[in-house]
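Everything below concerns the one structure shown next.
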Amino acid sequence: MKQKLESLLLLAVNTLKEEAILASDLSPKISIERARDQQYGDFATNLAMMLAKPAKMNPRQLAEKLIAAIPSDDAVLKVEIAGPGFINFFIDPNAQYQIISHIHEQGAKYGLSDFGQGKKVQVEFVSANPTGPLHVGHGRGAAYGSAVADLLSAVGFEVEREYYVNDAGRQMDILATSIWLRYLEECGEVFTFPINGYKGDYIREIAVAIHKESSNEYRHPQELVFEDIHLDEPQGGDKELHIDGLIDRAKTLLGKTLYRDIFQSGLDDILSDIRQDLSEFGVDYQQWFSERQLMDDGSIDEALKRLRDAGHIYEKEGALWFASSELGDEKDRVVVRDNGQSTYFASDIAYHMNKLDRGFDQIINIWGADHHGYVPRVRAAMQALGADDKKLTVLLVQFAVLYRGEERVQMSTRSGSFVTLRQLRQETGADAARFFYVMRKSEQHMDFDLKLATSKTNENPVFYVQYAHARICSVLRQLDEKSLQRDSALGHENLAMLTESQEVALLSRLARYPEILERAATHYEPHQLINYLRELAAEFHSYYNAHQFIIEDAKLCNARLNLICAVKQVLSNGLKLLKISTPETM
RNA sequence: GCGCUUGUAGCUCAGCUGGAUAGAGCAUCGGCCUUCUAAGCCGAGGGUCACAGGUUCGACUCCUGUCAAGCGCACCA
């Protein structure tokens, strides 16, 4: 419909050009909007106001001439000038009714499009370090990332969802060492657990499992373990030196193979937990990409070689530096430390090189907002690798600040004191959790009140939308109970009887769904879909309270049933896209 | 100090590429169940869109500055 109006307006503009009212070199961008209010018709354009200046005319006068030049069309009932010079279009309701049969024909496919033309898009999200279970902070990234991916795929992009597994580096060594120490405690060794170790219960569980399987294979007396280790912080030492000493001790006492065993069982255990957690949350990945693989298969060396060949690498103070400041970063970055170890950033360069090599048209990284300072250096790396950094989109998700009522909840993975995503799901249900996370713009700071979200009663808008769906199902059940049959053909013939204000509003709302999907997808804003569903539900509830559907007049009854079935279909399509359930009773 | 993000009703937030009288939910107040689920509906009150300039026919929206909040400025990941 929008396109139709656009072409009509274009014809009008051309006519005015021929009449020399408008300069012939003028090629205005015609924009058609949905009218905000029914009194302004269905669609509106600001074209006259845009052209007023170049045409040196009063906008309203120009609007009159434009309207006169618009060819008549069956679908357009009338065209009006309003306000400072808006041109409002009133669409023939008969044209609007078609949307209902269209929705019934399309069913679950209604709203999907091939807008993306099969372009390959990779969405990488969550990618939390596998050092512990996901907490509620990761939940937002998970819900947002998967919603963005699902939206893109709904509008015709070929989407690959990926989790980057940081299975290398110091944090993982701390994890392995923490597990080993807990294991030693299981064996009966007595010592003070390092302040910088991971203290969560899950560490002990992993240790217990290892102990059960292998008994004392990894055991060493604590005197040997702690001999000559730098003191921990409470003893007046340095917690970082203390833990690093213990890591080295674990590696030497255990040897490469046994240390790797512990490391690996910790990683496997936690990663499979994360995988299951996400899957239960409706988040599934096509790819789990290992950082260690990049190190092992020489990708990092290859990436650094490419940077060096392109002249972006130099040596200083025993370390290798990437000259990222020449490419928009605020300073240069170390890629290989003076001890010969490559940095996390070096892995990331290799990782993005790998992404580029896989031939994606678009790479989307979803990061926590605390990583925003990291964006320029990754862009710099992409440019240095000879790639177009426009292929990269980084979407930042602000942290959800947790409250329990008025009180702010402090969280730390290290100390093991945090609310896990799993706990949240169990308390609120996955539906409410997803809805809540995605309801807000991603870059908006978000207060997540656990008390509110876990209070299962009212207040949670997810119920509002689901309730609309359940109500429609209930109406259809009533038909059965009254031994009535829905006659959709009869309804179809009588759609023109739908003239109540709520009915007209619903028709226009239903027709908007595909536009909303496209906009939500291309702007990476799933909350727009949520808002749409809330509005659709609100209009339905309003309709429900104002009018009866199951009535004596079979024609009107079936017309209304066709309408609410279309509403049910769209609610269902939208909720399913967001991986939120569509209950038939509540 | 520099950078990124944010600032809209008492609270939590929407506001589509700049458009017509800035909207919802919660909270407050008043109505609606002998009729398809009251987890609902109808109505009322509540706003200097942080502040000050600028661009524009038109600014919550774009630009500049100020103020405030969060985050980031490692040879950590």
Side-chain angles (χ1 to χ4, degrees), chain A residues 29 31 33-37 39-40 44-46 49-50 52-53 58-59 82-86 88 128-129 131 166 168-172 174 240 291 316-321 330-331 333-345 347-348 368-376 396 398-399 401 439-441 443-449 452 456-464 466-468 470-479 481-482 512 515-516 519-520 523 525 527-528 530-532 534-535 537-538 540-551 560-561 564 585-586:
Chain A
K29 196 181 142 214
S31 82
E33 297 175 3
R34 293 218 173 240
R36 299 227 163 149
D37 197 305
Q39 64 169 305
Y40 301 126
T45 182
N46 58 358
M49 282 157 355
M50 304 280 286
K53 200 167 192 183
N58 169 319
F86 287 101
N88 292 337
N129 282 353
T131 52
N166 295 124
R170 181 163 175 266
Q171 294 308 316
M172 289 305 295
I174 296 178
E240 303 295 343
E291 179 188 359
K316 191 179 89 181
E317 293 160 5
L320 286 186
W321 296 70
E330 56 182 15
K331 56 177 117 170
R333 309 289 174 179
V334 171
V335 286
V336 180
R337 280 172 257 182
D338 53 10
N339 66 8
Q341 267 199 311
S342 59
T343 59
Y344 174 82
F345 180 45
S347 299
D348 240 10
D370 55 337
H371 285 72
H372 64 76
Y374 206 75
V375 179
L396 299 173
Q398 286 290 344
F399 278 149
V401 180
M439 205 166 66
R440 308 272 152 83
K441 264 196 307 226
E443 65 273 31
Q444 177 71 254
H445 298 104
M446 175 170 141
D447 289 348
F448 201 134
D449 186 344
L452 203 82
K456 207 158 176 169
T457 48
N458 44 18
E459 291 172 12
N460 214 325
V462 65
F463 294 121
Y464 185 79
Q466 289 179 321
Y467 185 45
R471 263 186 158 173
I472 297 171
C473 293
S474 172
V475 171
L476 298 177
R477 274 195 305 276
Q478 285 289 316
L479 274 184
E481 283 169 28
K482 293 182 179 166
R512 293 193 65 173
E515 293 167 33
I516 294 290
R519 203 171 71 217
H523 292 239
E525 291 184 340
H527 75 274
Q528 298 216 26
I530 297 249
N531 286 342
Y532 171 84
R534 292 172 77 172
E535 283 159 4
F540 169 75
H541 285 310
S542 186
Y543 183 33
Y544 181 95
N545 276 273
H547 301 285
Q548 194 82 11
F549 308 140
I550 302 175
I551 46 175
R560 286 181 171 173
L561 290 176
I564 66 169
T585 58
M586 284 177 79

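Protein chains get the first letters and strands the later ones, always in sequence-line order, with residue 1 at the start of each.
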pi-stack flag for A/Phe86 and B/rA20, centroid dist under 5.5 Å, interplanar under 30°: yes

Identify whether any heavy atom of [X] sits under 4.0 Å from a base atom; if not, whether one sits that close to sugar-phosphate; answer base, sugar-phosphate or nothing.
X	value
A/Ala82	base
A/His371	base
A/Glu317	base
A/Ala470	base
A/Asn46	base
A/Ser474	base
A/Ser347	nothing
A/Asp348	nothing

Out of B/rU37, B/rA77, B/rC41, which nucleotide sits closest to the side chain of A/Asn545? B/rC41

Measuring from the side chain of A/Lys331 (C-beta onward, heavy atoms only), which nucleotide among B/rC75, B/rC73, B/rG40 has the closest atom? B/rC73

Interatomic distance at [atom1], [N] relative to [M], whole Å:
N	M	atom1	value
B/rA77	B/rU64	P	36 Å
B/rG46	B/rU35	P	36 Å
B/rA50	B/rC60	C1'	12 Å
B/rG31	B/rA69	C1'	41 Å
B/rA24	B/rG43	P	10 Å

Closest nucleotide of RNA chain B for A/Asn531 versus for A/Arg333: which of these residues is on the 5' side? A/Asn531

Between A/Ala44 and A/Ala369, which is nearer to the 5' end of RNA chain B once each is assigned its nearest nucleotide? A/Ala44

Between residues 336-345 of chain A and RNA chain B, which residues have a heavy-atom gap below 4.0 Å? A/Arg337, A/Asp338, A/Tyr344

Would you indicate, yes or no, if [N] has its OP1 or OP2 atom less than 4.0 angstrom from a side-chain nitrogen or oxygen of [X]?
X	N	answer
A/Tyr464	B/rC41	yes
A/Arg471	B/rA39	no
A/His527	B/rG15	yes

Looking at B/rC41, does its base get a donor-acceptor pair with the side chain of A/His541 below 3.5 Å? no

Could you encode protein contacts along nucleotides 6-13 of chain B as a string, one character per nucleotide from 5' to 3', using B for base contact, S for sugar-phosphate-only contact and - for no contact, with a heavy-atom cut-off of under 4.0 Å? S-----SS

With sequence neighbours left out, write down each residue that passes ring pair (Phe, Tyr, Trp, His ring centres under 6.0 Å) with A/Tyr374, or none if nothing qualifies. A/Phe345, A/Trp367

With sequence neighbours left out, write down each residue that passes ring pair (Phe, Tyr, Trp, His ring centres under 6.0 Å) with A/His372, or none if nothing qualifies. none

Using the six-membered ring of A/Tyr544, assess whether NZ or CZ of A/Arg471 lies under 6.0 Å from its centre and within 45 degrees of the ring axis. yes

State whether a side-chain donor-acceptor pair under 3.5 Å links A/Glu291 with A/Ser347. yes

Under the side chain to side chain donor-acceptor pair (under 3.5 Å) test, residues paired with A/Arg440 that sit two or more places apart: none

Let's test your reading of the pairing rules: Watson-Crick or G-U wobble, both distances under 3.5 Å, then write RNA chain B as a dot-bracket string with ( ), [ ], | and dots. (((((((..((((.....[...)))).(((((.......))))).....(((((..]....))))))))))))....

Is the glycosidic torsion of B/rC33 within 90° of 0, making it syn, or is it anti? syn

Rounded to whole Å, how long is the line connecting atom CZ of A/Phe463 with atom P of B/rC26? 14 Å

